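Just below is one structure, and these are the notes that go with it.
Read the numbers this way: they start at 1 and go in the same order the structure lists the ligands and their atoms. All of these numbers come straight from a predicted model, not from anything done at the bench. In this chain, numbering begins with 1 at the start of the sequence shown.
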Amino acid sequence: MTHPFLDLAPLSAARFASIEDRVARLLHTGQDVLIMQGEALLPLEGAIRAAAGPGTTALNVITGPYGQTFGNWLRDCGAEVIDLAVPFHTAVTAEQIRAALAERPEIDFVSLVHAEAATGNTNPVAEIGPVVREHGALFYLDAVASVGAEPVLVDAWGVDLCVIGAQKAMGGPAGVSAVSVSERAWARMAANPRAPRRSYLSLLDWKERWIDAGRTALPHAPAQLEMLALEACLERIEAQGLDAVMARHARAAAATRAGALALGGGLEPYVHDAADAAPVATTLRAPAGTDAAELVARALESDPALPVSAGGGALAKEMIRVNHYGPDATAATVRGALVALGQALAERGLSVDVAAALGAADAAGR
Ligand SMILES: *Cc1c(COP(=O)(O)O)cnc(C)c1O
C-alpha cells in the first residue's frame, strides 16, 4: 500500500537546486541561497557563528525577543556586542543606526530583525540597509516574519546574510529554512578560524560540498517531505503572485488594527504608530486591569482555531497577539478574532462595540 507521505522517490540534487533558485527569486537576490535542513534557528545561529568571532564588533539591534537571542550568540562567539535596544512598541530608525555606527567606527557586523511576529513591529530595512552598507559592516537580517508579508529585497538593501523560514506569511513548512550569503559574507566566514566546519551548523560545509561542487550531489539525505512542502508553498505564492500575498497580509493587519480601535473597552494597538506595525501579526495591549493571557484563553474557548495568543514571557499579562499570517491572513480570521476578543472583554464588564469593530475592520481591510 502506498501512502502520500511515504514511499517517495528520492529528492534529486537538481530538484533541490531548483527550490533554492525559487527562494532566490523570492528574495530578489543573485547571491548564493542555501536551504538549511532545519527550522530557521539553524541558519540564524549558523550564520552568526560563521561570521562573528573574537575580532568582531557587533551592533545588535533589539526590537523584540529574537534580537536578545542574537546578542547572546554573538557574545558566545567572542564578539564585542553593542546592544541598541528600542521599546517594543516602536521600530528602530535609520538615524539611530547611523548614530550608533558613528559612535563606534570599529563596528563590522550589524544584526537586525526585519519584522517581529512576537512584538508586532517592523523595522525600515530599506532605509537602514544603505546606512550599514556605507559604513561597511556586514549586514545580517532575520526576515522570517517578513518574507511573504512585506518586501524583502536582499540585493537592493545590501543584506549580506538574510535568513527566512516558510512557516509564517509564506504559509509553508517550519522544518526547513534558507539563508542568502553574499560574497563578502563568504569571505568573512572563510577568514574566521572559529567558523563551524564539519558541523550541522556549518554554512561553509555546504558551500564546499554543495555550491562549489556545482550542486550536483547532496551532501546528505534531505528533509524530503519538508522540501516538497516548501516547493509547493513557493509554487502557490508564484501562482497567486507575491504582491497579492503581501497585499492580503497588509489588509489583515489594517483590518485588525482598525477593528481593535473601534472595539473599545480600552483595547489598544501595542505598536503606537501604524507605520511601525508589522503586516504579519498585530499585537494589542490588554485594557488596564485585565490579564492578556486570561482574555486570550476566554477568546479561544469560543473558537479554539483562532490564531490568537498572549505575548511571550514577561509580555503575557499585557500583550495579545493576532497572528494573521499565511492561511490566516483573511478577513474571516480577523473578524473571528475581533468577535471572540469582544466577548471576552464584555464578560469582564468592559463596554465594547463588536458591530463597530467589524465595520471598521471591513472598511480598513478593503
Ligand atoms: C517566527 C520567527 C522565527 C522562527 O522562530 P520560531 O520560534 O520557530 O517561531 C525567527 N525569527 C523571527 C523574527 C520570527 O518571527
Side-chain angles (χ1 to χ4, degrees), residues 23 26-27 34-49 60-74 83-86 88-92 110-125 128 139-152 154 157 159 161-180 200-201 223 226 229-230 233 246 249 252-253 256 270-271 276-283 307-316 319-329:
V23 173
L26 187 74
L27 298 179
L34 277 177
I35 296 185
M36 301 294 283
Q37 304 295 289
E39 197 272 335
L41 270 293
L42 173 62
L44 285 169
E45 179 173 355
I48 281 189
R49 294 199 183 278
N60 181 50
V61 184
I62 302 178
T63 57
Y66 287 97
Q68 278 156 355
T69 302
F70 303 160
N72 292 338
W73 285 332
L74 285 162
D83 284 323
L84 171 58
V86 306
F88 294 172
H89 63 258
T90 169
V92 73
V110 173
S111 47
L112 176 70
V113 177
H114 187 186
E116 299 264 12
T119 40
N121 43 359
T122 188
N123 294 302
V125 185
I128 293 167
F139 190 17
Y140 164 101
L141 186 70
D142 173 351
V144 176
S146 53
V147 67
E150 54 191 304
V152 177
V154 167
W157 295 346
V159 181
L161 292 158
C162 182
V163 174
I164 66 155
Q167 71 266 40
K168 298 253 167 75
M170 288 173 68
V176 286
S177 51
V179 56
S180 64
Y200 202 66
L201 278 175
E226 301 281 347
L230 176 60
C233 128
M246 293 192 296
H249 285 84
T256 306
Y270 192 91
V271 177
D276 297 337
V280 75
T282 299
T283 46
V308 177
S309 61
L315 298 170
M319 182 189 284
I320 298 166
R321 290 172 57 184
V322 184
N323 300 305
H324 43 66
Y325 51 72
D328 286 320

So do Glu116 and Pro65 actually touch side chain to side chain, heavy atoms under 4.5 Å?
yes
Checking Ile128, Val113, Val92 against Val61 for side chain to side chain contact (heavy atoms under 4.5 Å, CB included), the one that qualifies is Val92
Output for pair (Arg49 CZ, Leu201 CG), nearest 0.5 Å, gives 7.0 Å
Honestly, for Val280 the part within reach of ligand 1 (heavy atoms, under 4.0 Å) is neither
For Glu39, the ligand 1 atoms with a heavy-atom partner under 4.0 Å come out as 4 (C), 5 (O), 6 (P), 8 (O)
In short, Val163 meets Ala40 closest at the heavy-atom pair CG1-O, 3.9 Å
Ligand 1 to Asp142, heavy atom cutoff 4.0 Å, flagged ligand atoms 10 (C), 11 (N), 12 (C), 13 (C)
**Prompt:** Any side-chain donor paired with an acceptor under 3.5 Å for Asn123 and Thr63?
**Reply:** yes
Note: ligand 1 atoms sitting under 4.0 Å from heavy atoms of Ala145 are 15 (O)
The atoms of ligand 1 lying under 4.0 Å from a heavy atom of Ala117, numbered in the order shown, are 15 (O)
Within the 4.0 Å heavy-atom cut-off, what Gln167 brings close to ligand 1 is side chain
Heavy-atom proximity to atom 15 (O) of ligand 1, picking from His114, Lys168, Glu116, points to Lys168
- Query: Does Asp83 use its side chain to pair, donor to acceptor, with the backbone of Ala85 at less than 3.5 Å?
  - Reply: no
With heavy atoms and a 4.0 Å threshold, my read on which part of Ala174 contacts ligand 1 is neither
* Judged by atom type as modelled, is there a donor-acceptor pair below 3.5 Å linking the side chain of Asn121 to the main-chain atoms of Asp276? -> no
Heavy-atom closest pair (Val179 atom, Met36 atom, distance to 0.1 Å) is CG1-CG, 4.2 Å
One should read off an interatomic distance between Leu44 CG and Phe70 CZ, to the nearest 0.5 angstrom, of 4.5 Å
Val113 heavy atoms within 4.0 Å reach ligand 1 at atoms 13 (C)
Here the atoms of ligand 1 under 4.0 Å from any heavy atom belonging to Leu41 are 5 (O)
Closest to atom 7 (O) of ligand 1 among protein heavy atoms sits Tyr66 OH, 2.9 Å
Please determine whether any non-hydrogen atom of Ser146 lies less than 4.0 Å from an atom of ligand 1.
no
Counting from 1 in the order shown, the ligand 1 atoms closer than 4.0 Å to a non-hydrogen atom of Ala115 are 13 (C)
